[in-house]
Amino acid sequence: MDSGYPKNYAMFSENEGGLKPPPYRRNIPRYHSHNSKKSSSSCCFRCIGCFYCCLFLLVFLSAVLTFYLYTIYRPQVPNYGVNNFSVNTFNVMKDFSLVAEFVVVVKADNPNEHIGFIYGKDSYVIVTYTNSELCSGKLPAFHQPVKNTTLMSVELKGKSEFGSGLQEALMDNRHTGKIPLLVMVKVPVSIVLGSLPLRQVVVFVNCSLVVDNLQPDKKARILSSKYSYNVEF
């Protein structure tokens, strides 16, 4: 009996051959929520806010500490000056070189009641005349206690070129009795708060002196002096 199906066509029931139809799958579309972006933005704002709060707190505490230390210790700037100036040697040689030996007494006055100073080794003192170096030396290293005035005698020596132009200028100054000199001082200083040394600074002192003579056999008098200070951190 002809069933009406083609010869090469075969029918399978649900249980024959173990074949099952593939499951029905549906791709669910994904939607990106804006909540994640909002949460990341709010997190960034919170971090920035915390940073500025910490920075403000640090500045506030630093200001309070500075005010407290200033109120308790009342720091004052030390006073420096040239207390005496003497000439040991001032000779112009035949080759137009100048040999000079001066002794400068530098006065350091510490008016602080709770702050001391430590003066380091890497210092210098230079004496110049019309931008020409005459001689140089060093300050002694020492610890200056509170409410103290120290006189430092510094011996300066040097040999420099002293041409005809400088000789003529010096002769004119000798006739007027007013010889301008510049004393330049550089010294590293550590501030001592109580017994605790703090950060070291470098102090520069320029002293413009006018003396009446530079003769070794005659005492030199300081007619006028003018000071300028600078501190390098």
Side-chain angles (χ1 to χ4, degrees), residues 76-112 117-142 144 147-189 201-233:
Q76 301 181 55
V77 178
N79 299 315
Y80 303 98
V82 177
N83 200 50
N84 192 17
F85 185 90
S86 59
V87 181
N88 291 343
T89 304
F90 195 82
N91 294 327
V92 179
M93 312 304 289
K94 295 181 179 180
D95 58 352
F96 296 104
S97 63
L98 173 67
V99 177
E101 294 183 9
F102 300 155
V103 176
V104 178
V105 178
V106 179
K107 178 181 178 181
D109 181 24
N110 179 17
N112 295 278
F117 299 96
I118 297 177
Y119 295 86
K121 298 179 180 180
D122 299 328
S123 65
Y124 67 70
V125 181
I126 298 176
V127 178
T128 64
Y129 172 74
T130 63
N131 297 325
S132 297
E133 182 178 332
L134 301 181
C135 51
S136 62
K138 296 182 65 174
L139 289 172
F142 71 101
Q144 186 176 27
K147 301 292 290 184
N148 173 266
T149 299
T150 301
L151 297 178
M152 296 169 283
S153 181
V154 184
E155 186 175 358
L156 310 173
K157 297 181 179 181
K159 183 178 181 181
S160 58
E161 297 295 329
F162 203 71
S164 58
L166 290 177
Q167 292 187 39
E168 293 176 1
L170 182 60
M171 290 298 295
D172 293 338
N173 294 142
R174 281 179 172 176
H175 287 311
T176 60
K178 295 180 179 180
I179 303 174
L181 299 174
L182 177 62
V183 181
M184 298 182 295
V185 180
K186 173 192 172 184
V187 55
V189 180
V201 298
V202 180
V203 178
F204 297 89
V205 182
N206 287 345
C207 175
S208 299
L209 294 179
V210 177
V211 298
D212 60 347
N213 73 89
L214 291 176
Q215 299 179 21
D217 56 347
K218 188 177 180 180
K219 182 177 176 59
R221 293 188 303 114
I222 300 176
L223 303 178
S224 65
S225 60
K226 184 178 180 180
Y227 299 91
S228 62
Y229 304 90
N230 189 24
V231 178
E232 182 180 280
F233 294 91

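- The minimum heavy-atom distance linking V154 with K138 is given by the pair CG1-O, 3.4 Å.
- Between G158 and C135, the closest heavy-atom pair is N-CB, 3.5 Å.
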- Does the side-chain contact (heavy atoms from CB on, under 4.5 Å) test come out yes or no for L214 and L170, once each step is laid out? CA-CA 10 Å; L214 291 176; L170 182 60; 4.2 Å; yes
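- Heavy-atom minimum distance, T128 versus E133: CG2-CA, 3.9 Å.
- Listed for the Y227 side chain is no donor-acceptor partner under 3.5 Å among the backbone atoms of N79.
- Residues S225 and L209 have side chains in contact (heavy-atom distance under 4.5 Å, counting atoms from C-beta outward).
- Counting only heavy atoms from C-beta outward, the side chains of S136 and L156 never approach each other to under 4.5 Å.
- Paired with L151 under the rule side chain to side chain contact (heavy atoms under 4.5 Å, CB included), one option of D109, N84, V105 passes, and it is V105.
- The 12-atom threshold is not exceeded at CG of D122, counting heavy atoms of other residues, nucleotides or ligands nearer than 6.0 Å.
- Counting heavy atoms from C-beta outward, V99 and F162 have side chains that stay 4.5 Å or more apart.
- With hydrogens and angles disregarded, a donor-acceptor distance shorter than 3.5 Å links the side chain of D212 to the backbone of R221.
- Heavy-atom contacts from other residues, nucleotides or ligands closer than 6.0 Å to CZ of F96 number 12 or fewer.
- Inter-residue side-chain proximity for V185 and S123 is flagged as unmet; no heavy-atom pair is nearer than 4.5 Å.
- Across all non-hydrogen atoms, the minimal contact from E161 to L166 is O-CD1, 4.0 Å.
- You'll find the side chain of N112 reaches within 4.5 Å of the side chain of F117, heavy atoms only.
- Partners of D95 according to the side chain to side chain contact (heavy atoms under 4.5 Å, CB included) rule, which considers only residues two or more places apart in sequence or in another chain, are M93, S97.
- Relative ring orientation between F102 and F90 is described as parallel, the plane-to-plane angle staying below 30° on a 0-90° scale split at 30° and 60°.
- Although no hydrogens or angles enter the test, the distance criterion places no donor-acceptor pair under 3.5 Å between the side chain of N213 and the main chain of G177.
- The two residues A108 and Q144 come nearest to each other via the heavy atoms O-NE2, 3.0 Å.
- The structure places CZ of R174 at 11.5 Å from CG of D172, a figure rounded to the nearest 0.5 Å.
- At least one side-chain heavy atom of L134 sits under 4.5 Å from a side-chain heavy atom of L181.
- Y119 is not listed as a side-chain neighbour of P188, based on a closest heavy-atom distance of 4.5 Å or more.
- Taking the side chain as every heavy atom from C-beta outward, V77 and V231 never approach each other to under 4.5 Å.
- Using a distance-only test at 3.5 Å, with no hydrogens or angles considered, no donor-acceptor pair links the side chain of K107 to the main chain of T149.
- Annotation for P216 and N88: closest pair CB-O, 3.4 Å, computed over non-hydrogen atoms.
- Note that CD1 of I179 is 11.5 Å distant from OG1 of T130, once rounded to the nearest 0.5 Å.
- Using a 3.5 Å distance cut-off with no hydrogens or angles, the side chains of T150 and N148 do pair a donor with an acceptor.
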